[in-house]
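See structure below.
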Amino acid sequence: QVQSVESGGGLVQAGGSLRLSCAASGRTVNYYAMGWFRQVPGKEREFVAAITWRDGITYYAESAKGRFTISRDNAKNTGYLQMNSLKPEDTAVYFCAQTNTWSRNLRPSLFDSWGQGTQVTVSS
């Protein structure tokens with residue numbers, strides 16, 4: 001069973017940057033890809049970005065394109081989300097999770113081994 005643990009969240013001013021990490025313990029080889037989602041109170045969990053473990057193929061939500069970069073370090077079983085040019089609307093709890101599915105509709109129900117989340121707050 002893979003467990004995902006997020007870290008790296010915090011408070012940052014608009015225009016600033018943060019780098020989130022997702023440490024996956026266990027056999028990530030059992031999964032095809034990992035993804036990042038975010039959620040604000042009262043709203044559904046929203047897809048941000050995903051990356052395949054073996055080939056590093058990436059896929060981004062429109063809101064993340066050009067500002068966020070997803071990457072992974074297979075030797076460390078760790079995924080990253082570099083977030084630049086942050087906006088107040090990026091404020092959310094960010095989660096990482098694992099999946100064996102790859103499509104243009106990477107919704108939360110396709111993922112498991114969710115982490116506990118890390119808070120990202122962007123002040124204006």
Side-chain angles (χ1 to χ4, degrees):
Q1 181 70 23
V2 171
Q3 288 186 320
S4 304
V5 180
E6 305 93 341
S7 61
L11 173 64
V12 65
Q13 288 188 333
S17 299
L18 282 174
R19 188 194 195 203
L20 306 183
S21 298
C22 173
S25 62
R27 292 178 58 80
T28 57
V29 66
N30 291 336
Y31 284 102
Y32 183 71
M34 65 153 293
W36 286 97
F37 290 77
R38 64 187 184 186
Q39 189 170 25
V40 297
K43 292 191 175 181
E44 293 185 352
R45 196 163 292 190
E46 174 190 24
F47 171 74
V48 176
I51 187 168
T52 62
W53 280 110
R54 187 181 71 177
D55 301 318
I57 299 170
T58 59
Y59 183 59
Y60 294 91
E62 285 297 322
S63 60
K65 287 181 180 178
R67 298 188 301 126
F68 294 1
T69 302
I70 189 171
S71 61
R72 91 277 186 244
D73 183 334
N74 288 12
K76 296 181 179 179
N77 282 349
T78 299
Y80 304 96
L81 186 68
Q82 176 67 43
M83 304 187 295
N84 298 327
S85 302
L86 282 162
K87 305 174 183 179
E89 51 263 44
D90 294 317
T91 295
V93 178
Y94 284 70
F95 298 88
C96 67
Q98 315 292 328
T99 184
N100 279 319
T101 302
W102 192 256
S103 75
R104 290 188 176 274
N105 185 19
L106 292 173
R107 54 197 182 276
S109 60
L110 299 177
F111 287 75
D112 56 25
S113 298
W114 291 88
Q116 80 290 348
T118 185
Q119 177 71 46
V120 171
T121 302
V122 184
S123 63
S124 57

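As the structure is a computational prediction, the values presented were derived from the model and not from experiment.
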**Asked** Which salt bridge (Lys or Arg N to Asp or Glu O under 4.0 Å) pairs, counting each pair once, include a residue from residues 53-66, with sequence neighbours left out?
**Response** Glu62-Lys65
**Message:** Do Leu20 and Thr118 make a side-chain contact, defined as non-hydrogen atoms from C-beta onward lying under 4.5 Å apart?
**Reply:** yes
**Message:** Going by side-chain hydrogen bond (donor to acceptor under 3.5 Å, both in side chains), name the pairs with one or both residues in residues 10-24, residues two or more places apart or in two chains.
**Reply:** Ser17-Asn84
**Prompt:** With a 4.5 Å heavy-atom cut-off, do Ile70 and Tyr59 have their side chains touching?
**Reply:** no
**Complete:** Residue pairs meeting disulfide (SG to SG under 2.5 Å), one or both in residues 50-89, sequence neighbours left out, come to none
**Prompt:** Hey, which of Leu18, Leu11, Val12 is the one that makes side chain to side chain contact (heavy atoms under 4.5 Å, CB included) with Val122?
**Reply:** Val12
**Item:** Results of side chain to side chain contact (heavy atoms under 4.5 Å, CB included) for Ala23 - residues two or more places apart only
**Value:** Thr78
**Message:** Per the disulfide (SG to SG under 2.5 Å) rule, what does the pair list look like for residues 48-78, sequence neighbours excluded?
**Reply:** none
**Side-chain heavy-atom pair Ser71, Gln82 within 4.5 angstrom cut-off** = no
**Prompt:** Looking at residues at least two apart in the chain, or sitting in another chain, which of them share a side-chain hydrogen bond (donor to acceptor under 3.5 Å, both in side chains) with Thr121?
**Reply:** Gln119
**Request:** Identify, with sequence neighbours excluded, every residue that meets side chain to side chain contact (heavy atoms under 4.5 Å, CB included) alongside Glu89.
**Result:** Lys87
**Prompt:** If we only count heavy atoms from C-beta on, is the Trp114 to Pro108 side-chain gap below 4.5 Å?
**Reply:** yes
**Prompt:** Would you say Thr69 and Tyr60 make side-chain contact, with heavy atoms under 4.5 Å?
**Reply:** yes
**Item:** Contacts of Thr99 that satisfy side-chain hydrogen bond (donor to acceptor under 3.5 Å, both in side chains) - sequence neighbours left out
**Value:** none
**Request:** Provide the full list of disulfide (SG to SG under 2.5 Å) pairs with a residue in residues 44-116, sequence neighbours left out, each pair given once.
**Result:** Cys22-Cys96
**Prompt:** Side chains of Glu6 and Gln116: closer than 4.5 Å at any heavy-atom pair?
**Reply:** yes
Less than 3.5 Å apart, which donor and acceptor atoms pair up between the side chains of residues 35-43 and the rest of the protein, not counting sequence neighbours?
{"unit_1": "Arg38", "atom_1": "NE", "unit_2": "Glu46", "atom_2": "OE1", "d": "2.9"}
{"unit_1": "Arg38", "atom_1": "NH1", "unit_2": "Asp90", "atom_2": "OD1", "d": "2.9"}
{"unit_1": "Arg38", "atom_1": "NH1", "unit_2": "Tyr94", "atom_2": "OH", "d": "3.0"}
{"unit_1": "Gln39", "atom_1": "OE1", "unit_2": "Arg45", "atom_2": "NE", "d": "3.1"}
{"unit_1": "Gln39", "atom_1": "OE1", "unit_2": "Arg45", "atom_2": "NH2", "d": "3.1"}
{"unit_1": "Gln39", "atom_1": "NE2", "unit_2": "Lys43", "atom_2": "O", "d": "3.1"}

**For Trp53 against Gly79, the heavy-atom pair lying closest together** = CH2-N, 4.2 Å
**Message:** By the disulfide (SG to SG under 2.5 Å) test, which pairs, at least two apart or in different chains, include something from residues 53-93?
**Reply:** none
